[in-house]
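Report on one structure; see the data block that follows.
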Protein chains: 2
Amino acid sequence: MATGRTHRPATRSRGIPEATVARLPLYLRALTALSERSVPTVSSEELAAAAGVNSAKLRKDFSYLGSYGTRGVGYDVEYLVYQISRELGLTQDWPVVIVGIGNLGAALAGYGGFASRGFRVAALIDADPAMTGKPVAGIPVQHSDDLEKIIEEDGVSIGVIATPAGVAQQVCDRLVAAGVTSILNFAPTVLSVPDGVDVRKVDLSIELQILAFHEQRKAGEESNAEADAAVDAETATAVAPPAPRGATGGSRKGPDGDVPAVMPA
Amino acid sequence: MATGRTHRPATRSRGIPEATVARLPLYLRALTALSERSVPTVSSEELAAAAGVNSAKLRKDFSYLGSYGTRGVGYDVEYLVYQISRELGLTQDWPVVIVGIGNLGAALAGYGGFASRGFRVAALIDADPAMTGKPVAGIPVQHSDDLEKIIEEDGVSIGVIATPAGVAQQVCDRLVAAGVTSILNFAPTVLSVPDGVDVRKVDLSIELQILAFHEQRKAGEESNAEADAAVDAETATAVAPPAPRGATGGSRKGPDGDVPAVMPA
DNA sequence: ATGTCTTTGTGAACGCGTGCACAAAGATGG
DNA sequence: CCATCTTTGTGCACGCGTTCACAAAGACAT
Ligand SMILES: NC(=O)c1ccc[n+]([C@@H]2O[C@H](COP(=O)([O-])OP(=O)(O)OC[C@H]3O[C@@H](n4cnc5c(N)ncnc54)[C@H](O)[C@@H]3O)[C@@H](O)[C@H]2O)c1
Ligand SMILES: NC(=O)c1ccc[n+]([C@@H]2O[C@H](COP(=O)([O-])OP(=O)(O)OC[C@H]3O[C@@H](n4cnc5c(N)ncnc54)[C@H](O)[C@@H]3O)[C@@H](O)[C@H]2O)c1
């Protein structure tokens, strides 16, 4: 059969690459700071430096939004702030529910960055009856029995999951069934959702593990040539006698192996 | 996903593409769950489903680590758990400091996922004298005056920043100067660091804005064209006129209460 | 052993994202 | 009005990441 074009289903609707979308909030933040300092215009070079990206990339990103710059001058800060805000949908109010008001959920509830960009905490939801009615960050916690009602009444389309991982999928299912179509997941689980629902995850554990990988590589690079691991001032704190990082065969044990006595992270 | 990167183009990391590294923790989590259920082996298809990725991608990822599978059978769960752990550097102990023990920092300090994979909270650091000595999650908070000493004594190479955005860069500078070479940043700021230091960021606000973008697109898919144009015209007249220089400092008005001229989100 | 069946490991094609380099556009000054 | 200078917008090439598709490898039964 014609191996060809029957690929991408949708989501690729014309315009604005995903990578660009992910950078727009970054530009917006830098532009907002400039706006507060009453800076009228900014060049791609300056703004790119502030946002920590390549200036050509920034210009190309903006070109997807239209031609909002003036050659020889740069971009009008105020105008660009508005255009990006509009493109991101921040000119409207987004009610958000947070489910799971534990340590993390409570911190999120009180987070200023939530309210600052058109996101409004519409409700805090927890399954613990002892929490019900208790105000967290000035907002009374509601019981999860009322989840569907809350979402429907407030027209919530964005949900934040901060429950334990074990119940995240069922919480997710209820949110989706109730009409939520965007989910930000803090629980360390892979959520499965129907088409048309977006899920983004924030996973502390994964970030740390990625850092550890590079950290290990840095440490191993100094004592690279041979095994002169004597100089590891930093990593010398390692307590375990890790498998000598030799060739692949150096596994300390076979299939029986040591599971590093851990829980699902 | 939340990925901040200050990237080195130099891909001499002995293979293993960055995208693969980012997925290894995901595989590891799924494998650990299988291990706890005493599942001996798993096929790429099953594991890929559990991790939410394409099976061919998973096999290719594993191929960078070596040939740990058995054709016709699959992968040995225990063995793979060990190999990935070793590759990620999780077979050794990583002391971590958390700087900024506010709402978020406290939640992080008590987070189980920290300790579960070889990461150990070596110290909690805060600039508020009132916090000093106060135990958070069982760990006494230390004053930031002692930051350098703590890092040096414990051989800390990974730091977590959970301070307000305004001080994040200077905290970062101190951490780096003291010897930290990997930073996980929760503050909504672009951190600049010297070569050799890795920074990853977790940015709630950005994630929400990305969700809002897609959410808006979903909503606007039914009735888009004209509303868009109308808003555009209205805006052009409201904002576009040559910027009154000093005047913009106070309030700007847009169609609806508009872009909050608030703190960096 | 030999055949069959399952699943790995990877070659190859393709699409996306990135960054260079430069022409065009417009501002600014004479 | 013309010359010069600044900065945008983008064509283009390149490399990374993803996915398909399939031969080879090995398990297992006979
Ligand atoms: N604390 C952190 O720093 C941190 C960091 C990263 C990820 N996480 C993840 O975030 C999640 C929450 O972490 P935490 O430290 O706040 O845990 P927590 O135990 O303090 O809070 C969990 C809350 O969820 C509630 N809950 C349980 N089941 C529920 C349900 N079915 N519906 C609604 N609410 C329910 C509980 O009553 C509790 O209040 C966990 O999955 C954790 O792995 C936490
Ligand atoms: N709370 C959240 O859910 C959340 C979510 C995403 C991002 N953030 C970001 O994380 C950071 C912390 O958020 P928070 O809600 O915990 O704020 P917070 O105000 O509760 O805590 C900040 C803490 O940092 C300490 N601090 C200030 N300056 C310091 C310094 N120089 N050295 C060491 N410590 C210092 C303060 O004493 C305070 O305890 C902020 O940048 C915030 O934008 C928070």
Side-chain angles (χ1 to χ4, degrees), chain A residues 1-24 26-27 39-77 79-80 83 210 248 255, chain B residues 1 3 5-24 26-27 39-77 79-80 83 210 242-243:
Chain A
M1 42 195 73
T3 59
R5 10 150 305 270
T6 332
H7 278 337
R8 299 282 77 169
T11 320
R12 175 128 252 58
S13 64
R14 115 252 160 273
I16 315 197
E18 190 58 29
T20 295
V21 172
R23 281 187 295 268
L24 290 181
L26 220 51
Y27 303 144
V39 177
T41 62
V42 65
S43 71
S44 64
E45 206 70 52
E46 295 169 305
L47 186 55
V53 304
N54 179 293
S55 69
K57 191 190 297 184
L58 179 142
R59 288 196 298 277
K60 184 154 292 187
D61 283 342
F62 285 172
S63 77
Y64 293 115
L65 308 184
S67 289
Y68 295 147
T70 304
R71 295 173 189 230
V73 175
Y75 299 89
D76 181 285
V77 171
Y79 188 60
L80 204 46
Q83 290 301 336
I210 295 171
T248 52
Chain B
M1 57 207 100
T3 60
R5 32 191 59 158
T6 304
H7 231 20
R8 279 279 33 141
T11 314
R12 46 90 112 68
S13 59
R14 199 65 223 132
I16 312 198
E18 189 59 28
T20 295
V21 173
R23 282 188 294 269
L24 290 181
L26 219 53
Y27 302 146
V39 176
T41 62
V42 64
S43 71
S44 64
E45 205 70 51
E46 292 170 306
L47 187 55
V53 303
N54 180 296
S55 70
K57 192 190 295 184
L58 179 142
R59 287 197 298 276
K60 183 151 289 187
D61 284 341
F62 285 172
S63 77
Y64 293 116
L65 307 184
S67 289
Y68 295 147
T70 304
R71 295 172 191 232
V73 175
Y75 298 89
D76 182 286
V77 172
Y79 187 59
L80 204 46
Q83 290 300 338
I210 295 171

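First the proteins, then the strands, lettered A, B, ... as listed; each starts at 1.
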In this structure, CZ of A/Arg59 is separated from CG of A/Asn54 (nearest 0.5 Å) by 8.0 Å
Atom CD of A/Glu45 and atom P of D/dG9 are separated, to the nearest Å, by 14 Å
So salt bridge (charged side-chain N to carboxylate O under 4.0 Å, His left out) across residues 41-51 of chain B, not counting sequence neighbours, yields none
Give a yes/no answer on whether the side chain of A/Tyr68 brings an N or O atom under 4.0 Å of OP1 or OP2 in D/dT7. no
In whole angstroms, the gap separating P of C/dG17 from CZ of A/Arg23 amounts to 8 Å
- Message: Would you say B/Ser43 places a side-chain N or O within less than 4.0 Å of OP1 or OP2 belonging to C/dT7?
- Response: no
**Report entry** Flag side-chain contact, heavy atom, 4.5 Å: A/Leu65 against A/Ile16
**Finding:** yes
A/Phe62 meets the ring-ring contact (aromatic ring centres under 6.0 Å, His included) criterion, sequence neighbours left out, with A/Tyr27, A/Tyr75
query: If you look at every strand shown and take non-hydrogen atoms under 4.0 Å, does B/Ser67 touch a base, only sugar-phosphate, or nothing?
result: sugar-phosphate
B/Ala48 meets the side chain to side chain contact (heavy atoms under 4.5 Å, CB included) criterion, sequence neighbours left out, with B/Val53, B/Ser55, B/Leu58
Between CG of A/Leu47 and P of D/dT7 the distance, given in whole Å, is 14 Å
Here the distance between atom C1' of C/dC16 and atom CG of A/Asp61, to the nearest Å, is 13 Å
Does a side-chain N or O of A/Ser44 approach OP1 or OP2 of D/dT8 to a distance below 4.0 Å, or not? yes
Separation of D/dG17 atom C1' from B/Leu24 atom CG, nearest Å, is 15 Å
Here the distance between atom P of D/dT10 and atom CZ of A/Phe62, to the nearest Å, is 14 Å
Nucleotide by nucleotide, nucleotides 20-30 of chain C touches protein heavy atoms under 4.0 Å in the pattern (B base, S sugar-phosphate only, - none) BB--BB-S---
Need one value for B/Tyr75: base, sugar-phosphate or nothing, where a base atom within 4.0 Å counts as base even if backbone is also close, heavy atoms only. sugar-phosphate
Whole-Å distance, A/Leu58 CG to D/dT7 C1', equals 12 Å
A/Glu18 has its side chain closest, among C/dG9, C/dG17, D/dG9, to C/dG17
For C/dC16, does OP1 or OP2 lie under 4.0 Å from any side-chain N or O of A/Tyr64?
no
A/Thr20 meets the side-chain hydrogen bond (donor to acceptor under 3.5 Å, both in side chains) criterion, sequence neighbours left out, with A/Asp61
Rounded to whole Å, the NZ-C1' distance (B/Lys57 to C/dA13) equals 17 Å
Residues at least two apart in sequence or cross-chain that pass side chain to side chain contact (heavy atoms under 4.5 Å, CB included) with B/Ala50, listed by chain then number, are B/Ala30
